[in-house]
Amino acid sequence: MGDWANFFMSSASVSSNPILFVVGPTGSGKSRLALELANELHLPIVNCDSVQVYSRVNIGTAKPSLEEMNSVPHHLFDIISPPNEFTAGEFRREALSVLENLVPSTPVIMVGGSGFYIQALQKGMYEVSKVSESVRLSLEQELAQRGLAPLFEELLARDHELALKVGPTDTYRILRGLGLLRTHGKTLTEIQIEFQKNSDIAFPYRFATLGLQINRSQLRERLQRRAGQMIEAGLIEEVETLLADQLSDWAPMRSVGYKETLSYLRGELGDRAQLITAITANSMQLAKRQRTWFRRDKDIRWFDVETEWLKARSFGRGFLKSGLP
């Protein structure tokens, strides 16, 4: 058996077709490797990127080209139209539905750098109803009128464990924790305990996770070059079109590439050179967060992009071919 054999995880019969996850920081070459393997072995690709699921955001997301998407089947790209948004829980349900249809007949390649999405799929997550609209609006009004400190104090009193984790300045998680409390009458801690007792979270397929790593200086060069190419390809015009449709607050517009272009269009960045610098810097910060996230998973098999590309392809090919006739 190949070297890959020691690196797969399974909760299903080894007779099931395998799934290869290709992960790593932005700009590391995940899509390129996935496409090379998919074309060689004639396999489908499933998206695990939290922004590429959205339509109309193409240039800034480094989404595969139309030609690339037509070369092999691509799934979970361009499935959410504005102004709709997409949660990790919704991604897990959609991804499992896609895999249920694909895995009986073919191995699958899943690619993306959104660690939370991948964790939700592989290990499950807390299936909690959304915060009610009335509660959300009430919290936003309180935030505007009273500030964040009183809301943090409420969270500290009602879900002490969560409050200690998120801290007094994390607006999103403070509002999320209070929103769950006020909507469902349960703390996030209680929801987690209930989930662990009652939920079967096992991923029902045989899989391996291949990670791509790259030297920081080389990554910076790649990201700076890519930022310039995105602008040349029409990123500014793409964002202008979205702004014209009143989509400045849409979730993808808060992602790297789009938020900097918004700043540029608002006059907060002096010229395109400063825009490229801002996109590059924030892309590097994103890459650092992605590396930190993925390094927690001890089952990922890592390969250096510059020196081990062929080894990475061999590892992926060997694992995927274990499910081919």
Side-chain angles (χ1 to χ4, degrees), residues 49-57 60-61 76 78-94 114-117 119-120 124-195 199 238-263 265-266 268 282 286 289:
D49 182 276
S50 63
V51 189
Q52 291 183 352
V53 296
Y54 293 102
S55 64
R56 298 190 59 189
V57 283
T61 62
L76 298 185
D78 293 325
I79 61 170
I80 306 298
S81 300
N84 298 305
E85 300 189 4
F86 199 57
T87 68
E90 290 167 333
F91 165 76
R92 184 173 196 268
R93 288 190 291 273
E94 290 295 325
S114 299
F116 186 55
Y117 271 37
Q119 176 181 279
M125 65 176 300
Y126 311 112
E127 295 290 344
V128 182
S129 301
K130 293 182 179 180
V131 172
S132 75
E133 185 68 8
S134 61
V135 168
R136 185 185 67 81
L137 291 174
S138 175
L139 284 167
E140 289 180 356
Q141 186 176 27
E142 289 181 48
L143 177 65
Q145 293 175 347
R146 304 167 56 207
L148 187 60
L151 295 174
F152 178 72
E153 289 300 322
E154 180 183 345
L155 184 64
L156 194 63
R158 300 184 63 185
D159 191 348
H160 189 75
E161 184 175 350
L162 177 62
L164 292 179
K165 288 180 181 178
V166 304
T169 61
D170 192 332
T171 303
Y172 173 79
R173 288 178 173 81
I174 291 170
L175 295 184
R176 176 66 174 165
L178 287 177
L180 292 173
L181 276 163
R182 295 185 185 183
T183 300
H184 304 288
K186 296 179 181 179
T187 68
L188 183 58
T189 303
E190 290 169 339
I191 292 168
Q192 291 172 347
I193 293 171
E194 185 176 309
F195 173 80
S199 179
E238 183 175 83
V239 174
E240 286 177 328
T241 301
L242 294 167
L243 281 176
D245 290 338
Q246 307 297 314
L247 293 171
S248 61
D249 294 326
W250 189 33
M253 300 291 270
R254 299 190 290 271
S255 63
V256 175
Y258 290 93
K259 61 182 179 182
E260 296 83 6
T261 306
L262 279 172
S263 294
L265 291 171
R266 290 167 177 161
E268 297 166 3
N282 288 333
L286 172 62
R289 293 194 298 271

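What you are looking at is a predicted structure, and each value in this text was computed from that prediction instead of being measured.
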Taking all non-hydrogen atoms of both residues, which atom of Asp249 and which atom of Arg254 are closest, and how far apart?
O-NH1, 3.0 Å

Where Ala163 and Phe152 come nearest, the two heavy atoms and their spacing
O-CE1, 3.5 Å

Donor-acceptor contact below 3.5 Å, side chain Glu260 vs main chain Gly257
yes

Spatial distance of atom CD1 (Ile174) from atom CG (Leu162) [nearest 0.5 Å]:
9.0 Å

Evaluate the side chain to side chain contact (heavy atoms under 4.5 Å, CB included) criterion for residues Asn282 and Lys259: first the C-alpha distance (whole Å), next the side-chain angles of each, then the deciding distance (0.1 Å), finally the verdict.
CA-CA 10 Å; Asn282 288 333; Lys259 61 182 179 182; 4.1 Å; yes

Count the heavy atoms belonging to other residues, nucleotides or ligands that lie under 6.0 Å from CZ of Arg173, then report whether that count exceeds 12.
no

Between CG of Leu148 and OG1 of Thr171, what distance do you get to the nearest 0.5 Å?
4.5 Å

Given Lys165 and Asp170, is the side chain to side chain contact (heavy atoms under 4.5 Å, CB included) satisfied, shown in steps?
CA-CA 10 Å; Lys165 288 180 181 178; Asp170 192 332; over 6 Å; no

Heavy atoms of Ile80 and Trp250 approach each other most closely as O-CZ2, 4.3 Å

Just by modelled atom types, is the Leu242 backbone N or O under 3.5 Å from a matching donor or acceptor in the Asp245 side chain?
no

In Å and rounded to the nearest 0.5 Å, what is the CG to OG distance from Asp49 to Ser114?
4.5 Å

Side-chain contact test, heavy atoms from C-beta onward, threshold under 4.5 Å: evaluate it for Leu181 versus Thr187 and give yes or no.
yes

In Å, rounded to the nearest 0.5 Å, how long is the span from CG of Leu164 to CG of Asp159?
9.5 Å

Do the side chain of Thr183 and the main chain of Ser132 share a donor and acceptor less than 3.5 angstrom apart?
yes

Go through Leu247 and Arg56 one step at a time and tell me if the side chain to side chain contact (heavy atoms under 4.5 Å, CB included) criterion holds.
CA-CA 11 Å; Leu247 293 171; Arg56 298 190 59 189; 4.0 Å; yes

Heavy-atom closest pair (Ala88 atom, Phe116 atom, distance to 0.1 Å) is CB-CE2, 3.4 Å

Is the closest basic N to carboxylate O distance between Glu154 and Arg146 below 4.0 Å?
no

Note: Ser138 and Arg182 closest approach over all heavy atoms is OG-NH1, 4.0 Å

For Gln52, enumerate each residue passing the side-chain hydrogen bond (donor to acceptor under 3.5 Å, both in side chains) test, keeping only those at least two apart in sequence or located in another chain.
none

Go through it in stages, so that I can follow the logic: the residues are Leu175 and Val131, the test is side chain to side chain contact (heavy atoms under 4.5 Å, CB included), and I'd like the CA-CA distance, side-chain angles, deciding distance and then a yes or no.
CA-CA 10 Å; Leu175 295 184; Val131 172; over 6 Å; no

If you compare all heavy atoms of Glu90 against all heavy atoms of Glu85, which two are closest, and at what distance to 0.1 Å?
OE1-O, 3.7 Å

Is the closest side-chain heavy-atom distance between Phe86 and Ile79 below 4.5 Å?
yes

Among all residues two or more places apart in sequence or in another chain, which pass the side-chain hydrogen bond (donor to acceptor under 3.5 Å, both in side chains) test with Glu140?
Arg136

Can you name the side-chain hydrogen bond (donor to acceptor under 3.5 Å, both in side chains) partners of Tyr258, sequence neighbours left out?
Glu238

